[in-house]
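Basis for what follows: all heavy atoms, side chains included, without hydrogens, waters or symmetry-related copies. Everything numeric here is computed off the predicted structure, so don't read it as measured data.
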Amino acid sequence: MALTSHASEPEAVTTSRPFPAWAEWVVRIFARPLSWLWDRGFRMLGVLDAVALLSLMTAISLVRSIFDPGWATYPTGHYVIGFTMATAIHVSVNYFTGLYEREPRLGRKPLLPRAIIATGVGVGVQGVAFVVLDRYLMPRWNLAIFLMLASFVLVLNRGLSRRLALRRQGPARVVLSGDDASIDLALQHLAVSDRDAVVAGRVHHPHRLVDAVVESDATDVLLLDVTAFGSVYPEPLNSLELAGVGFLQRVSARETLLGLRSVREIGGMPFVALRSHTVPAHKVRLKRVFDLSLIVVFAALWLPLVALIALYVRVAAGGPVLYRQTRVGRNGVPFECLKFRTMVENAEEDGRARLATLDDDRIVPALKWMRSMRADELPQLWNVIRGEMSLVGPRPERPELVAEISRRVPGYVRRNELPPGLTGLAQVEGRYGTDAEFKLGYDIQYLVNWSLVVDVQILLRTVWVVLSRRV
C-alpha cells in the first residue's frame with residue numbers, strides 16, 4: 001500500500017515556535033555527551049527536579065521563619081546537609097518509580113497519582129534515614145508541608161518539560177495502520193480530541209510500517225488492528241523502538257476485560273504501549289540494588305553455609321567441589337554458572353546436554369539431598385554479585401536447550417529480558433518436569449507483573465519449597 005501523506009491537513013496541524021538559533025547551537029554542542037548519559041539512566045529532568053525540590057524545602061523554611069522566627073534550633077549548615085540528602089533521596093525514588101522513563105508522546109499516563117506515590121515513598125525513606133542517622137533530614141512540620149506540595153512541583157516540572165519538547169520538536173507525527181474503516185474512524189477521533197497530532201501517513205499492512213515511518217518522518221505508530229500484534233513483533237517493533245518511535249496498539253473491550261493495565265486514551269480510543277522489552281530500565285536497576293542489599297544484609301548467614309556445604313561435598317565426593325556450566329543470561333549473553341557438584345565426574349562424556357531427572361543415576365547418592373533442597377545452587381550467589389544472575393528470575397538454561405526450546409515455543413527468548421535467578425515463579429510453581437511452554441507462561445507473567453513485593457513473595461515461597469523438598 002503506497003504511503004499517503006496527510007501532513008498538510010489543516011485540521012491536524014498545530015504550529016509551534018522553534019527555539020532561537022543560539023539555543024539550538026547549545027543543544028547540538030551537548031547532544032553527544034547527553035546521549036551517552038541518557039543511555040546510562042541520566043535525565044535532565046532529574047536535575048530540574050533536584051533544583052525544584054531543594055528550592056521548595058528552602059522556601060518552606062523561609063516562609064516558616066516569617067511566622068515562627070525561633071523554629072530553627074540548629075545551625076544553617078545542619079539544614080543544608082539535611083535538605084541535600086533529602087533531595088537525593090527523592091530524586092532516587094523518582095527514578096526507581098519510573099518518573100524518568102521515556103513515555104510515548106501520545107496517550108501519556110496521568111502524572112499526579114504517580115507523583116503522589118513517589119513523594120510518599122520518598123518521605124517514607126526519609127523516615128528510615130531518621131532511624132539510621134538519628135536525625136531528621138528536615139523538621140517535621142516542614143516535612144508535612146513538603147509532603148503536600150512536592151508532588152505538584154513534580155507535575156509542574158513535567159508539564160514544563162513537555163511544553164519545551166513540543167516547542168522544539170513540534171507536534172507528534174502519526175502513522176495509522178489498519179483497514180480503511182479503522183483509519184477513517186481514528187481520523188475522526190483524532191480531529192476532535194488530539195488536534196496536536198499530525199496524521200503523517202496511513203498503511204494497510206504492517207510490513208510497510210518502517211518505510212512509512214521513514215518517508216513521513218513519523219514519531220508514533222498507532223496500530224488499529226487488534227489482531228495484528230503477531231505481525232509486528234519482533235519486527236518492525238524492535239527497529240521502530242530503537243529509532244525512538246512510539247508504538248501503540250488499539251485494544252478492544254475483549255482485551256480490556258482480560259485485566260489489561262496501563263490502558264492509554266488517545267482521541268477517545270483505548271491503546272496500550274508496545275515495547276520490545278517488558279521490563280523498563282529503572283526496574284532492572286532497582287532489582288539489582290535489591291539483590292545486592294539482601295546479599296550484604298544476610299552475608300553472615302550464607303557465607304558460613306556455603307563454606308560448610310563446600311567442605312561436605314569435598315568429603316563426600318572428592319574434588320572438584322564446584323561445577324561450571326555455560327548458561328544463557330540476560331539478553332541471551334552466555335555466562336559461566338557455578339554450582340556445587342552433585343553428579344559423578346564427566347557426567348556428560350558425549351558432550352550432549354541432558355536434562356537431569358529425579359532418579360538420575362549420575363547423581364552421587366550422598367549429595368542427592370542437595371538437589372532436592374536446591375543447596376547445590378548456593379554458589380550462584382557469586383553470579384548474582386557479578387551481575388550475571390539475580391536472586392529471583394527465570395531459570396538459567398543451557399544454550400543448547402534454549403536453541404531447541406526456542407524452535408518449539410515461540411517467544412521463549414523474551415524470558416531473557418531479566419537476569420536468570422536462583423529461584424523464580426516457574427521454579428516455585430512448577431516442577432523439574434514441567435513443560436517448557438508452561439514455564440514460559442510463568443516467566444512472562446513474572447516479567448509483566450514484576451515488583452519488589454513479587455520478589456519478596458517468591459523468596460518466601462522458596463523457603464517453603466526448600467524445606468518441603470518439593471521438586
What pair of heavy atoms forms the shortest contact from [X] to [Y], and how long is it?
| X | Y | value |
| --- | --- | --- |
| Asn383 | Leu338 | OD1-N, 3.1 Å |
| Arg327 | Pro399 | CA-CD, 4.3 Å |
| Pro396 | Phe335 | CB-CZ, 4.4 Å |
| Asn157 | Leu48 | ND2-O, 3.5 Å |
| Gly178 | Leu224 | CA-CB, 4.4 Å |
| Arg202 | Leu187 | NH2-CD1, 2.9 Å |

Counting heavy atoms not belonging to Arg386, are there more than 12 under 6.0 Å from its CZ?
->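 12 or below, so no.
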Should we count CZ of Arg324 as having more than 12 external heavy atoms under 6.0 Å?
->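 Not more than 12 within 6.0 Å, no.
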Whether the side chain of [X] engages the backbone of [Y] through a donor-acceptor N/O pair (distance < 3.5 Å, no angle test) should be reported.
| X | Y | value |
| --- | --- | --- |
| Thr219 | Arg173 | yes |
| Gln188 | Ile183 | no |
| Glu101 | His282 | yes |

Side chain to side chain contact (heavy atoms under 4.5 Å, CB included) between Leu137 and Ile89: does it pass, once the steps are laid out?
-> CA-CA 10 Å; Leu137 301 185; Ile89 287 174; 3.6 Å; yes
Partner set under side-chain contact (heavy atoms from CB on, under 4.5 Å) for Thr97, not counting sequence neighbours |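 Counting only residues at least two positions away or on another chain, Thr97 forms a side-chain contact (heavy atoms from CB on, under 4.5 Å) with Val93, Leu99, Ala118.
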side-chain contact (heavy atoms from CB on, under 4.5 Å) with Val284: which residues, sequence neighbours excluded?
->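 In terms of side-chain contact (heavy atoms from CB on, under 4.5 Å), with neighbours along the sequence ignored, Val284 is linked to Val279, Arg330, Leu418.
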Distance, nearest 0.5 Å, that separates [atom1] of [X] from [atom2] of [Y]:
| X | Y | atom1 | atom2 | value |
| --- | --- | --- | --- | --- |
| His189 | Met269 | NE2 | CE | 6.0 Å |
| Trp450 | Leu286 | CH2 | CG | 4.5 Å |
| Glu377 | Arg371 | CD | CZ | 8.5 Å |
| Phe290 | Phe96 | CZ | CZ | 13.0 Å |
| Glu429 | Tyr442 | CD | OH | 5.0 Å |
| Glu397 | Asn416 | CD | CG | 9.5 Å |

Would Tyr323 and Thr342 satisfy side chain to side chain contact (heavy atoms under 4.5 Å, CB included), going step by step from the backbone distance to the final call?
-> CA-CA 9 Å; Tyr323 177 64; Thr342 57; over 6 Å; no
Counting C-beta onward and ignoring hydrogens, is there a side-chain heavy-atom pair between [X] and [Y] closer than 4.5 Å?
| X | Y | answer |
| --- | --- | --- |
| Lys287 | Val392 | yes |
| Leu391 | Asp455 | no |
| Leu164 | Leu160 | yes |
| Thr119 | Leu147 | yes |
| Val333 | Glu388 | no |
| Leu222 | Phe271 | yes |
| Ile116 | Leu154 | no |
| Val328 | Arg398 | no |

Residues 120-128, side-chain donor-acceptor partners within the protein, below 3.5 Å, at least two apart:
residue : atom : partner : partner atom : Å
Gln126  : NE2  : His90   : NE2          : 2.9

Residues Ile266, Arg250; criterion side chain to side chain contact (heavy atoms under 4.5 Å, CB included); working and verdict | CA-CA 9 Å; Ile266 302 175; Arg250 185 175 71 84; over 6 Å; no
Apply side chain to side chain contact (heavy atoms under 4.5 Å, CB included) to Asp443 and Leu447, showing your working.
-> CA-CA 6 Å; Asp443 289 336; Leu447 292 175; 5.6 Å; no
